[in-house]
Amino acid sequence: MKKNIVVFGAGGHAKAVIDAIEREGQYRIAGLLDSYKAAGSEVYGYRILGNEQYLLEHREEIDGCIVAIGDNWGRAGIVDRISSLCPDFPFVTAVHPGAWIARGAVLGQGTVVMAGAVVNSDTVIGEHCVLYPKASVDHDSQVGDYATLAPGATTGGNVTIGEYSVLSLGANVIHSVRVGEHTVIGAGATVLNDIGGYAVAYGTPAAVARSRAAGERYL
Ligand SMILES: CC(C)(COP(=O)(O)OP(=O)(O)OC[C@H]1O[C@@H](n2cnc3c(N)ncnc32)[C@H](O)[C@@H]1OP(=O)(O)O)[C@@H](O)C(=O)NCCC(=O)NCCS
C-alpha cells in the first residue's frame, strides 16, 4: 500500500510538486496543509486539511510530508515548525520521472527534483532543496540544504553551492567553482570564479553587486 503524505503549501509551487508526486506514483497525497488558505478549499482536488497543527493531531495517519514553498527561507521556517511540533517527522522527496538521477547521486530528505532536471554522477543534493525544470548539476558536486536551482540553471562538475543559495533562471556555474551560502546568483549569470556567501551576483562574468542578509526576499 502507498504511504500517506501531506504537502505543505497550496500555491503555484505546490502545484508543480503535486504533479511530480502524482507522476512518481510512490505516495498517496492525503491532502494539503497551509498557514494562510482556509481549511476545506481544494487545489487539484486535494483538500486543505489545516496547518501544521494537523500533523500533531493526525500523526498516526500520516507517514510523511513535503514542504512545497518556493522561497528557501520560508521553506526552512515551515520545516522547523513541523520538526518542533513533531520531532523526527519524516520528510519525503519528490522526483519527477522525467528527471535523471545518476548513479551515486544522493538526494536529501524533502528535496524536489522537477521534470527535465539532472543530478549527475556522485553529486550530493542536500535536504529540502528544489531543482526546477531543466536545472542540471553535473558530477561530483555538492548542493547545500535549502538551496534552489531555478529553471535552466546549470553547473559543471565538482561545483559547490552553499546552503540557502539560489542559482536563478538560466544561470551557469563552471566546473570546480564554489558559491557560498545565502547567495543569489542572478538570472542568466555566468559564474567563472568563486563567489562568497551572503551576496547577490550577476552578469557575465558574474560579479558581486551587493551583500545580502539571510532570509532577504529574492523572488
Ligand atoms: C539578481 C536579482 C535577484 C536582483 O538583484 P537586485 O540587487 O535586487 O537588483 P535590481 O533589480 O535592483 O537591479 C539592479 C541593477 O542590476 C541589473 N540586474 C538585475 N538582475 C540582473 C541580472 N540577472 N543580470 C544582469 N543585470 C541584472 C538591473 O537591470 C539593474 O541595472 P541598472 O542599475 O542599470 O538599472 C534579480 O534581478 C534576478 O536575477 N532574479 C532572479 C529571478 C529568477 O530567476 N526567478 C526564478 C527563481 S525560481
Side-chain angles (χ1 to χ4, degrees), residues 7-21 34 36 43 66-79 93-96 98-100 107-108 110-119 123 125-138 141 143-156 159-174 177-219:
V7 175
F8 194 108
H13 178 69
K15 290 196 288 186
V17 174
I18 289 168
D19 184 65
I21 295 167
D34 198 85
Y36 303 107
V43 176
I66 190 159
V67 180
I69 292 176
D71 178 81
N72 292 341
W73 192 253
R75 190 164 64 257
I78 297 296
V79 169
T93 59
V95 181
H96 192 288
W100 181 253
L107 304 179
T111 280
V112 175
V113 185
M114 294 188 184
V118 177
V119 180
T123 279
I125 308 289
E127 298 183 357
H128 305 285
C129 293
V130 185
L131 272 60
Y132 282 92
K134 293 177 76 180
S136 178
V137 188
D138 208 356
S141 294
V143 175
D145 298 344
Y146 298 103
T148 287
L149 273 79
T154 302
T155 83
V159 157
T160 302
I161 308 294
E163 59 182 15
Y164 295 92
S165 286
V166 182
L167 303 186
S168 299
L169 288 163
N172 291 304
V173 178
I174 70 160
V177 158
R178 301 175 73 89
V179 173
E181 71 276 26
H182 296 276
T183 282
V184 173
I185 304 297
T190 311
V191 183
L192 302 180
N193 299 112
D194 292 358
I195 302 279
Y198 299 88
V200 174
Y202 46 78
T204 297
V208 174
R210 63 177 176 88
S211 61
R212 168 175 193 276
E216 197 180 308
R217 288 188 70 86
Y218 60 91
L219 289 170

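By convention here, the first residue in the shown sequence is residue 1. Indexing begins at 1, ligand by ligand and atom by atom, following the structure's order. This one's a predicted model, so the numbers in the text were calculated from it and none came from an experiment.
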Please check if a non-hydrogen protein atom sits closer than 4.0 Å to [atom].
atom                    : result
atom 1 (C) of ligand 1  : yes
atom 4 (C) of ligand 1  : no
atom 31 (O) of ligand 1 : no
atom 18 (N) of ligand 1 : yes
atom 10 (P) of ligand 1 : no
atom 14 (C) of ligand 1 : yes
atom 36 (C) of ligand 1 : no
atom 23 (N) of ligand 1 : yes

Inset, instruction - For ligand 1, indicate whether the residue Val166 contacts it via side chain, backbone, both or neither (heavy-atom separation under 4.0 Å). - result: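 Val166 to ligand 1: no contact under 4.0 Å from either part.
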Legend entry - Residue portion contacting ligand 1 (non-hydrogen atoms closer than 4.0 Å) for Val200: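 For Val200, only side-chain atoms sit under 4.0 Å from ligand 1.
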Would [X] count as a polar contact of ligand 1, with the cut-off being nitrogen or oxygen pairs under 3.5 Å?
X      : result
Ala187 : yes
Arg210 : yes
Tyr132 : no

[X] heavy atoms, cut-off 4.0 Å: which ligand 1 atoms fall inside?
X      : answer
Leu219 : 47 (C), 48 (S)
Gly186 : 1 (C), 23 (N), 39 (O)
Ala150 : 47 (C), 48 (S)

Inset, instruction - Test side-chain contact (heavy atoms from CB on, under 4.5 Å) on Asp19 and His96 and set out the steps. - result: CA-CA 8 Å; Asp19 184 65; His96 192 288; 3.8 Å; yes
Legend entry - Any Glu181 side-chain heavy atom under 4.5 Å of Tyr198 side chain: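 They are in side-chain contact.
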Legend entry - Validation row: Val79, Glu127 side chains within 4.5 angstrom (heavy atoms):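 They are not in side-chain contact.
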Inset, instruction - Specify the closest pair of heavy atoms between Val184 and Ser168, including all atoms of both residues, with the distance to one decimal. - result: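 So the minimum-distance heavy-atom pair works out to CG1-OG, 4.0 Å.
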Inset, instruction - Check Ala99 against Val113 and note the closest heavy-atom contact, atom names and distance. - result: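 Taking every non-hydrogen atom into account, CB-CG1, 3.7 Å.
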Legend entry - Of the listed options Ser168, Ala171, Gly70, closest to atom 42 (C) of ligand 1 (non-hydrogen atoms):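 Ranked by closest heavy atom to atom 42 (C) of ligand 1, first place is Ser168.
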Legend entry - Residue pairs fulfilling side chain to side chain donor-acceptor pair (under 3.5 Å) with at least one residue in residues 199-219, sequence neighbours excluded: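 Side chain to side chain donor-acceptor pair (under 3.5 Å) check on residues 199-219 returns Asn72-Tyr218, Thr190-Thr204, Arg210-Glu216.
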Inset, instruction - Please work out which of the three classes, parallel, tilted or perpendicular, describes the rings of His182 and Tyr164, given edges at 30° and 60°. - result: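 Correct class here is parallel.
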